[in-house]
Undergrad: 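One structure, pasted below without further comment.
Heavy atoms only: backbone and side chains are in, while hydrogens, waters and symmetry mates are out. Just so it is clear, the model here is predicted, and its values are computed rather than measured.
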Amino acid sequence: MRRSISARIFSGFLVVTLAFAAVMGFTVWRMNKVRQQLVLINKSYLRLTLILGEFAAIQGSLLNTVADRANGRRVSKFLLRQVDLARRYRLHDVERASALVEKTRQLGHLAETDRAFLDRTSKRLQTLGKAFRVNEALFDQIFSRKRVPPGIRQRVGDALLRTERKLGTMTRRLRNDLRGQVRSTGVTVQSDQRTGVWAGLGLVVLALLFSIGVTWRARRTLQPLKTLVEGARRIASGDYAGRVNVQSHDELGELAGEFNAMARAVEERETKLIRSERMAAAGRLASHITHEVRNPLNSISLNTEMLEEEIVELVGDPESEPQNLCRAIRQEVDRLTDITEEYLRFARLPAPNLQEEDLSELLSSLVGFLTHELEAKGITIERDLSESLPAVLADENQLRMVFLNLVRNAGEAMADDGGILHVETHADGDSVVTVIADTGAGMDAETLAQIFEPFFSTKEHGTGLGLALTHQIIGEHNGTIAVDSEPGRGTRFTVSLPACGARDKVAEADDASEADKSAPATAQAGVEAEH
């Protein structure tokens with residue numbers, strides 16, 4: 001499926017946008033992960049560390065007080081009040097720590113190591129809380145205001161001291177574990193931060209590579225525009241043969257195709273304009289030559305006849321040498337008169353009188369008229385005339401002269417050794433095609449390039465106006481004539497004329513066509529055909 005230029009460029013920049021969006025998304029995700037870990041450290045682990053530090057201080061103070069009491073030292077009322085406050089605060093600290101741990105456990109973004117640590121810490125805090133509550137009875141006994149026997153106080157104090165020391169050890173381990181977890185989380189944060197930075201840089205580089213690739217692709221996609229601009233400049237400078245080579249299968253490829261079609265059309269119209277100007281110049285020249293030569297020729301012819309009559313009267317022999325010389329002069333004058341008449345017809349070609357014509361019928365009549373002449377030269381005629389041919393709008397006399405010109409050209413090309421003359425008509429879409437081919441000597445490329453030029457001829461006594469006239473008449477009928485020939489392989493002329501109804505589809509004449517039409521008419525049917 002072909003994608004348009006806009007779709008290709010849009011998809012490329014969409015890829016770049018998605019790449020940078022992925023970079024931003026990954027960066028935000030990594031930053032959010034680091035932020036969550038920092039929040040866990042700041043609002044959970046550090047606060048829990050402070051609570052456990054306060055709790056450890058209270059626990060150490062209680063241990064000293066219990067040891068002094070177990071040894072029989074008296075305790076002041078102030079100290080008793082401090083012991084009561086410490087007992088309440090440490091229970092409160094355990095509850096605060098447990099609540100903070102439970103709140104932290106509810107977070108949804110915890111890592112498995114953090115969740116396992118919090119589970120262990122919660123259980124240890126619960127164990128501490130239970131142990132503190134169990135020891136409350138022993139604290140009441142040893143710090144009671146009532147008199148307690150020394151033996152009992154010593155025994156209870158030793159038991160309480162052992163228990164509190166175990167709880168102190170448990171508290172220190174809990175603090176150490178918490179510090180280790182804080183350090184581990186900090187290391188994880190640093191590692192994630194480094195990983196995020198390098199991954200972000202990698203994604204940025206990848207996105208930049210994507211953008212460079214998309215930019216290069218967009219530049220390559222639009223590169224044909226430069227070719228088109230250069231082609232337009234060549235056309236503007238007069239190089240109508242220039243073409244642009246664009247292989248892309250998109251709008252630029254279509255534009256290049258249209259540009260080449262335009263260049264071909266401009267080249268064809270320029271060629272027609274040049275040919276029209278040449279034909280106009282040839283018409284003016286022919287008219288001038290005819291005007292300058294006809295009167296002297298008429299005078300020479302008249303004087304020759306008079307001289308011939310005088311010689312007959314003087315000599316008395318109509319077959320005398322002077323008489324024969326006068327007769328030869330008159331024949332050459334007649335030949336020159338025919339040539340001037342041909343020039344005159346070329347200079348005064350009338351506009352075609354268009355009527356519906358059947359080319360197969362026209363060619364059948366023409367070939368039948370020339371059959372005896374052609375067979376006398378050893379030429380075999382092949383007819384392939386379509387019976388269901390569409391009619392064409394044409395001037396019968398002018399087309400008859402065109403085909404007479406071509407057929408006699410073919411006959412003269414095979415006059416020495418004979419050959420085959422092939423005449424064919426067939427329909428091709430909206431056109432009617434006529435083919436006249438011979439098996440004569442053919443023409444080389446240099447001759448082919450000039451055969452339609454006025455006054456160019458390969459014949460010793462040719463005027464060079466036959467094929468120029470033919471080309472002009474076919475052009476006036478909105479048709480085309482093409483020739484294919486090689487030395488030793490014969491010549492093939494192909495005439496294509498629009499069928500009736502197809503002429504309405506022919507494009508309006510452009511400036512070049514207008515120039516063709518404005519040039520003086522250049523020919524009339526009835527000339528001898530020439531290569």
Undergrad: Given 3.5 Å as the limit, does a donor-acceptor pair link the side chain of T425 with the main chain of S360, or not?
TA: no
Undergrad: Is R90 salt-bridged to D93, cutoff N-O under 4.0 Å?
TA: no
Undergrad: Quick one: NE2 on H92 to CD on E54, what's the gap to the nearest 0.5 Å?
TA: 8.0 Å
Undergrad: Restricting to salt bridge (Lys or Arg N to Asp or Glu O under 4.0 Å), what partner residues turn up for E387, sequence neighbours left out?
TA: none
Undergrad: Which value, rounded to the nearest 0.5 Å, describes the distance between T104 atom OG1 and D114 atom CG?
TA: 9.5 Å
Undergrad: What distance do M443 atom CE and E486 atom CD have between them, rounded to the nearest 0.5 Å?
TA: 11.5 Å
Undergrad: Taking side chain to side chain donor-acceptor pair (under 3.5 Å) as the test, write out the residues that go with R175, two or more places apart.
TA: none
Undergrad: Does some side-chain heavy atom of I451 sit less than 4.5 Å from a side-chain heavy atom of T447?
TA: yes
Undergrad: Rounded to the nearest 0.5 Å, how far apart are CG of L363 and CD of E424?
TA: 11.0 Å
Undergrad: Is any side-chain N of the basic residue among D84 and R81 closer than 4.0 Å to the acidic one's carboxylate O?
TA: no
Undergrad: How close do P390 and V432 get, counting heavy atoms only, and between which atoms?
TA: O-CG2, 3.6 Å
Undergrad: CD of Q126 to OG1 of T121: how many Å apart, nearest 0.5 Å?
TA: 11.0 Å
Undergrad: Under the side chain to side chain donor-acceptor pair (under 3.5 Å) rule, collect the residues that match up with E102, sequence neighbours excluded.
TA: R105, S122
Undergrad: Sequence neighbours left out, what passes ring pair (Phe, Tyr, Trp, His ring centres under 6.0 Å) with Y45? Give chain and number order.
TA: F117
Undergrad: Working to the nearest 0.5 angstrom, can you tell me the gap between L46 CG and I51 CD1?
TA: 11.5 Å
Undergrad: Could you pull out all residues at least two apart from D177 that satisfy side chain to side chain donor-acceptor pair (under 3.5 Å)?
TA: R124
Undergrad: Grab the two heavy atoms, one from T480 and one from I474, that are nearest each other, plus how far apart they are.
TA: N-CG2, 3.5 Å
Undergrad: Would you please name every residue forming a side chain to side chain donor-acceptor pair (under 3.5 Å) with D395, sequence neighbours left out?
TA: none
Undergrad: For the residue pair V435 and D384, establish whether any side-chain heavy-atom pair is separated by less than 4.5 Å.
TA: no
